[in-house]
Amino acid sequence: KGSTWGYGEENGPSLWHKDYPVAQGSRQSPIDIVPSEASFDPRLAPIQLSYDQCTSINISNNGHSVVVEFDDSDDRSVIHGGALPNPYRLRQFHFHWGEKGCHGSEHTVAGKAFVSELHLVHWNAEKYKTFGQAAQEPDGLSVLGIFLETGDDHRWLHKITDALYMVKFKGSVSDFKGFNPKCLLPSSLHFWTYPGSLTTPPLHESVIWIVLKEPIVVSEKQMGKFRMLVFNGEEEDSRSRMENNFRSPQPLKGRKVLASFK
Ligand SMILES: NS(=O)(=O)c1c(F)c(F)c(S(=O)(=O)CCO)c(N[C@H](c2ccccc2)[C@@H](O)c2ccccc2)c1F
Ligand SMILES: [Zn+2]
């Protein structure tokens, strides 16, 4: 049982609305961010990531992406600022990427896609008792999106890419302690923010998106390591490379995108 959604011909994003009608809702993500149409809002507080006591637990392949999970039983790892009413707790991060040399980000900037996009998923533990509950509320989640573009090796990304061989197959999990995602931030924390949704089923419209303007630079070789992951489990005979696990931009439907910078 359970949904068999994916990114293939028979179960991809264009079909998700059949099991998840909210896919055609009024605040779906990702979107194409058009900088000239974003309004600078001086009231937006700078983004602050207090991840210093961060508590990564494991890295896993869930058949949709590679995920690093965190212990979110207290406020050790939180994001605050932006349009957030209070600190939100880090729960996990994951990536979206394309095929070799192609785009793979979810958000686009004036129609430009990046090779990949990192998502750090946080939840409003101040207002809601559990992640699952928060995920159903309009102000329950906040996802920080960071674009990846290709160039030189990223000096810290190898900590993740070196672990990917351990989680090649769907359902594989490996210890991954003491990883602080602050090492994956670009130098500028200038951002856009808008009300949106999860970009995978259940597509809940419960995400305050914060997308950084400045991408981080990773090498094609490092991106190649993500593409050795597979969507299927070790025992399945169909072998399909994990790539193109991204949803395309959705209609803005009148939403305003705010910018933290001029
Ligand atoms: N781009 S996105 O941020 O919308 C996104 C993804 F694109 C994404 F691939 C995942 S995933 O967990 O890797 C695959 C299954 O959803 C999650 N995972 C969510 C999740 C986060 C923490 C713990 C469990 C699951 C997502 O699956 C979710 C969020 C809220 C309620 C149910 C499911 C996710 F939130
Ligand atoms: Zn995501």
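When a ligand or atom number is given, it counts from 1 through the structure's own listing order. Predicted model, so just to flag it, every value in this text is computed and none were measured.
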Option among H103, H96, H94 that satisfies the ring pair (Phe, Tyr, Trp, His ring centres under 6.0 Å) test with F246: H103

Member of P195, P138, S26 meeting the side-chain contact (heavy atoms from CB on, under 4.5 Å) criterion with E205: S26

Stepwise ring pair (Phe, Tyr, Trp, His ring centres under 6.0 Å) test for W209 and H107: CA-CA 10 Å; W209 278 93; H107 290 90; 4.8 Å; yes

N/O pairs closer than 3.5 Å, ligand 1 and protein:
{"residue": "ligand 1", "atom": "1 (N)", "partner": "H94", "partner atom": "NE2", "Å": "3.4"}
{"residue": "ligand 1", "atom": "1 (N)", "partner": "H96", "partner atom": "NE2", "Å": "3.4"}
{"residue": "ligand 1", "atom": "1 (N)", "partner": "H119", "partner atom": "ND1", "Å": "3.2"}
{"residue": "ligand 1", "atom": "1 (N)", "partner": "T199", "partner atom": "OG1", "Å": "2.7"}
{"residue": "ligand 1", "atom": "4 (O)", "partner": "T199", "partner atom": "N", "Å": "2.8"}
{"residue": "ligand 1", "atom": "12 (O)", "partner": "N62", "partner atom": "ND2", "Å": "3.3"}
{"residue": "ligand 1", "atom": "12 (O)", "partner": "Q92", "partner atom": "NE2", "Å": "3.4"}
{"residue": "ligand 1", "atom": "13 (O)", "partner": "N62", "partner atom": "ND2", "Å": "3.0"}
{"residue": "ligand 1", "atom": "16 (O)", "partner": "T200", "partner atom": "OG1", "Å": "3.1"}
{"residue": "ligand 1", "atom": "18 (N)", "partner": "Q92", "partner atom": "NE2", "Å": "3.3"}

Shortest non-hydrogen contact from I216 toward L185: CG2-C, 3.8 Å

Rounded distance (nearest 0.5 Å) linking atom CZ of F70 with atom NE2 of H122: 8.5 Å

Separation between CG of L120 and CG of L144, rounded to the nearest 0.5 Å: 5.5 Å

For F95, the option from F147, F226, F114 that meets ring pair (Phe, Tyr, Trp, His ring centres under 6.0 Å): F226

Distance-only side-chain donor-acceptor flag, W5 / D19, under 3.5 Å: no

Protein N, O or S within less than 2.8 Å of the Zn ion (ligand 2), waters excluded: H94 NE2, H96 NE2, H119 ND1

Flag side-chain contact, heavy atom, 4.5 Å: S142 against I210: yes

